[in-house]
Each structure stands twice: as structure tokens, then as C-alpha cells.
Asker: 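Before we start, here is the structure in question, set down as C-alpha cells.
Every chain is numbered from 1 and lettered A, B, ... according to where its sequence line falls, protein lines coming before strand lines.
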Protein chains: 2
Amino acid sequence: MTSIAREDYLKAMWKLGSSNIGTLELANHLEVTPASATNMILKLSENGLVMHKPYKGASLTDTGLKQALSVVRRHRLLETFLSKTLGLSNEDLHVEAERLEHALSKNLENSIAEYLDNPVRDPHGHPIPGPNGEILTNDDIVLSDCPINSTTLIRQVPDEDLEILLWLKNNGIILGQKMYIKSKNNFDDSLVVEINDSLIEISSIISKLVYVTRE
Amino acid sequence: MTSIAREDYLKAMWKLGSSNIGTLELANHLEVTPASATNMILKLSENGLVMHKPYKGASLTDTGLKQALSVVRRHRLLETFLSKTLGLSNEDLHVEAERLEHALSKNLENSIAEYLDNPVRDPHGHPIPGPNGEILTNDDIVLSDCPINSTTLIRQVPDEDLEILLWLKNNGIILGQKMYIKSKNNFDDSLVVEINDSLIEISSIISKLVYVTRE
DNA sequence: TATAAAGTTTAGTCATGGCTAAAAAAATTT
DNA sequence: AAATTTTTTTAGCCATGACTAAACTTTATA
């Protein structure tokens, strides 16, 4: 009843936000056709994992959310584990964890968590949900919402897009890095920040994927 | 074209020996019906992984053997990796590796092999096939074929059966252990061996699963 | 507000990999 | 050698999760 496909749908819905997820949006995210997404939404709905209002969108139920967070937990624990043991580069972690997450038993999940001392952040700074779906409450804020003329500390970088990840690394935008926000372009919402005495322009897209805390 | 089910069939055929594997034997090993096994044998045959003589049995082709050994390599590398990092007990290793082996990418396989310094034995003493299917030539012999009144060293214990594994451990039959073969029962082919000054009777079934070398 | 466009669902198809029941071949007994 | 048992295959069915094409809502535009 729980399958790889179902877990992928639940995780995708979690990523896309809390409510009224469009079929097309979900289908695009999973690279399937809208018809396939409708099909699966109906099945998940029958199993009480998803709420579906025809033509209006779908959202996770409490049970569905819990299962989605379980997948996310496995993913992030795996990233942390592979990083610590094999020293995989930050760019490789996501792809490998994506393959393994569905095959991780509860037992192995527990062993890994214990081995890592129950970490609350993965190597990209993302919070790791607890065994029952508890998620770390943090005061990380998205970079694009940050006030000008503030000093911030980088807390989360995205993990999926290789190109973005490499760009961030090449420009010194890494976890724990201090960064001063100089200005914001009112036309395209890009930012100019100062890192280690050099100025860097951060596109609007990227500034929505990086999270920071105020210093 | 390569799927979990197909990999399981190839691995099972490898385990069952080199040629003329019966449909029923294969089906029993995989806990599917004979009809399902016939079905899959035909598919693998179409893909050149298996030779099938109707009503006579099936066997792996060179390509099929190579793919089977690739699965075995992943399995045994995973066992070794999980043992070394998480310190999983010997009894847990098999089950966990069984789940993960199909999801291990070539990249991760390589990383793990390198991390472990290209091991040639897994924690149960089984040889780990190389990246191209090369298997360690060793002079391990099956315990049941061992001459009486010889001193032997335990080199391989089975990994699948929990009960057997626990019995072996509880009786001191572990890798590297010295063992003296005292006698053989001509009726049931069981053995009596001396380990650490105590005598142990080993059933015929188990004596076919343990491999040793002469001292 | 009527129409076009965008998004969603329905209907029907396909491959995969199970299953059962029945037919056919091979091996074993009598 | 004939009959029986065992093994294997064939035929047909089912669930899963993709797909296309067409129908149907909803939203946006003229």
C-alpha cells in the first residue's frame, strides 16, 4: 500500500506547500502527466493521506503529512550519513539520498540517527524532522525577505539544483558564512551582498532558496 | 529494463548454481509461483540474460552472470559498509543490504568500495566480486568436505538465516576461529568438532554452509 | 458577458510482475 | 509399457502506475 511512487507524491506535496496544490503543479514537479497526478491523488485520497477537492486542488491530511515528513527525515538523515562517512560532496548528496530513501528500514533509520547523535540539520542546513514528524522550530528567514543593511549568517542552502549549488559554493555562499546585505534592486528583486569584502549579486530566484539568521 | 524484480531473479539464479536451474526451484527460492518464474525467465531470455531450454531448465548467460555478480557486489559492499560504520550486528546486515542493494548507484558503489579500501571479503567472509565481476579465487573448502582429524580455520559463515547465524555465534563458530574435526557420523553426515576445548556437533545442513581452510 | 485559454478529470491503453487454473511434458512408479 | 506424479508452460486475470486523447471546469481576456 505504501510504494515508492506514493512516497514521492507525498514528499512532492509537502515541498509544494500546505494547501490547494494544483494537479498541474504537482505533475510538473514529478515529471508526470496531469492525468497521472489526478489518478494518484484519487488513490491517496481513498487511503486518507490526501484531501482532494475536484478542480480545486489537493492537500495532505495529518496522516499524509506525517508520512511525507518520514520520507524527508530519511532523505536528510541519509544525506548527513553519507556526508559524514563517505565525505560525498554537497552536490552528490541529494541524488544519492533520493535513491536510497525509499529503501531505508525503520531499523536502519534509527541506527543512522543514533550514529549521528540525532542531528537536527542536514549538510545543507535543512531541518531534519524527528521520528514522529516533529520539525525544528528555528528563526531562519528566507534571504529575499531580509532587511537591507543587516548582517546575517547563512543557515540553509538548497540541495537539489546542481548548478545553483555550485554557483553558491564558488561565490563563498556556504553554511555559517557571514554576509552583509547592501542593497536590493527594485526592478528584478536581486540583491547585492558583501561576503569577505567582495560584492556579489544574488538573483531573486536564489535569494528565495537561501535561509539566514540575523546576527 | 533492469528492475528490482529482474535483479532478484538474476541473483537467485546465481545462488542456485551455474546451469539447468529448474523453474520450481527458482520459484521456491523467490517465493513466487512457478508460473511467475516461467514468465520472468522468458523475459530475461528475450533480453539475453538467461538461456532457457523449455522444460529443461534455465541458466545465466555471460551478461546475466555479470549483472548477477554486480548485485552480489553491491550487497556485500553494503554489508561491509554498514558493519563498519554503524556496527550493525552480523544478524541484521543481510536484511538491510537486501533492501538497499537495488538502490545503490554506480557512483555510491565506487565511493563505498574506496572508503572500505576495496575489500575482498564481507563480514560473513564471503568474497566480494570486483567491479567487473572478478571473484576472489580462494582455497576455502566447504566444511562438510573436510577431512577428519584436521585443524581448520573458519573463513565463511552463511548470512541469510537468522537462526543458523545465532546458533553459530552461540557455539563459538565465528570467522577466524580454529576448529579441529574429530569425527563424522555416517548416518546423518553430522560432524563433531572441537572448538576451544569443547566438543560441538554440527548438523549436515550447517556443515554445507560453512567454509574453512586447512591450517 | 461571451469566448478563449488554462487547468483538471475521465476514459481507455500499455508494460510490469504478480496470481490461479488448466494443459502439456518429463520423470517416476507400478 | 502404462499409469501416476511431478514439473513446466500456457492462458487469462488483477493491481500498479505510467501514458494519450477527449471532455469538462474554471479563469482570464476581449
Asker: In this structure, how many angstroms lie between the P atom of C:dT8 and the CD1 atom of A:I21, rounded?
Answerer: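 Distance, rounded to whole Å: 11 Å.
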Asker: What integer distance in Å separates B:L26:CG from C:dG17:C1'?
Answerer: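 In whole Å, C:dG17 C1' lies 14 Å from B:L26 CG.
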Asker: Can you name the side chain to side chain contact (heavy atoms under 4.5 Å, CB included) partners of A:N118, sequence neighbours left out?
Answerer: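 Only A:A113 meet the side chain to side chain contact (heavy atoms under 4.5 Å, CB included) criterion with A:N118.
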Asker: With sequence neighbours left out, what residues match A:I4 under side chain to side chain contact (heavy atoms under 4.5 Å, CB included)?
Answerer: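 Per chain and number, A:I4 pairs via side chain to side chain contact (heavy atoms under 4.5 Å, CB included) with A:D8, A:H102.
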Asker: First and last nucleotide of DNA chain D touching chain B, 5' to 3', heavy-atom cut-off 4.0 Å?
Answerer: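 First-to-last contact on DNA chain D, by the 4.0 Å heavy-atom rule, is D:dT7 to D:dT10.
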Asker: Tell me every residue that passes side chain to side chain contact (heavy atoms under 4.5 Å, CB included) with B:I148, counting only those two or more places apart in sequence or in another chain.
Answerer: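 Here the qualifying residues are B:K184.
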Asker: Using only heavy-atom distances, determine whether the side chains of B:S105 and B:N107 contain a donor-acceptor pair under 3.5 Å.
Answerer: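 Absent: no donor and acceptor within the cut-off.
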Asker: Output a table of nitrogen or oxygen pairs between the protein and nucleotides 9-13 of chain C separated by less than 3.5 Å.
Answerer:
residue: C:dT9; atom: OP1; partner: A:H52; partner atom: NE2; Å: 2.5
residue: C:dT9; atom: OP1; partner: A:Y55; partner atom: N; Å: 3.0
residue: C:dT9; atom: OP2; partner: A:T23; partner atom: OG1; Å: 2.8
residue: C:dT9; atom: OP2; partner: A:T38; partner atom: OG1; Å: 3.2

Asker: Using whole Å, what does the distance between atom P of nucleotide C:dA5 and atom CG of A:L24 come to?
Answerer: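 From A:L24 CG to C:dA5 P: 17 Å.
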Asker: Given atom CG of B:N47 and atom C1' of C:dT16, what is their separation to the nearest angstrom?
Answerer: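 Going from B:N47 (CG) to C:dT16 (C1'), I get 13 Å.
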Asker: Mind running a 4.0 Å heavy-atom check of residues 4-11 of chain B against DNA chain D and sending the residues that fall below it, in number order?
Answerer: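 Contacting residues: none.
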Asker: Among pairs that include at least one residue of residues 8-29 of chain B, which meet ring pair (Phe, Tyr, Trp, His ring centres under 6.0 Å), considering only residues two or more places apart or in two chains?
Answerer: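 Matches after skipping sequence neighbours: none remain.
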Asker: Restricting to salt bridge (Lys or Arg N to Asp or Glu O under 4.0 Å), what partner residues turn up for A:D92, sequence neighbours left out?
Answerer: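 Per chain and number, A:D92 pairs via salt bridge (Lys or Arg N to Asp or Glu O under 4.0 Å) with no residue.
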Asker: Ring pair (Phe, Tyr, Trp, His ring centres under 6.0 Å): which pairs involve residues 74-99 of chain A, sequence neighbours left out?
Answerer: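 Passing the test, one end in residues 74-99 of chain A: A:H75-A:H94, A:F81-A:Y115, A:F81-B:F81.
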Asker: For B:K56, which residues count as a side chain to side chain contact (heavy atoms under 4.5 Å, CB included) partner, sequence neighbours excluded?
Answerer: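 Scan of B:K56 (side chain to side chain contact (heavy atoms under 4.5 Å, CB included), adjacent residues dropped) gives B:K53.
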Asker: Considering residues at least two apart in sequence or located in another chain, which fulfil the side-chain hydrogen bond (donor to acceptor under 3.5 Å, both in side chains) criterion with B:S36?
Answerer: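 So B:S36 forms a side-chain hydrogen bond (donor to acceptor under 3.5 Å, both in side chains) with B:T33.
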Asker: Got a sec, which pairs hit ring pair (Phe, Tyr, Trp, His ring centres under 6.0 Å) with one end in residues 49-72 of chain A, sequence neighbours left out?
Answerer: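 Pairs touching residues 49-72 of chain A that pass the test: none.
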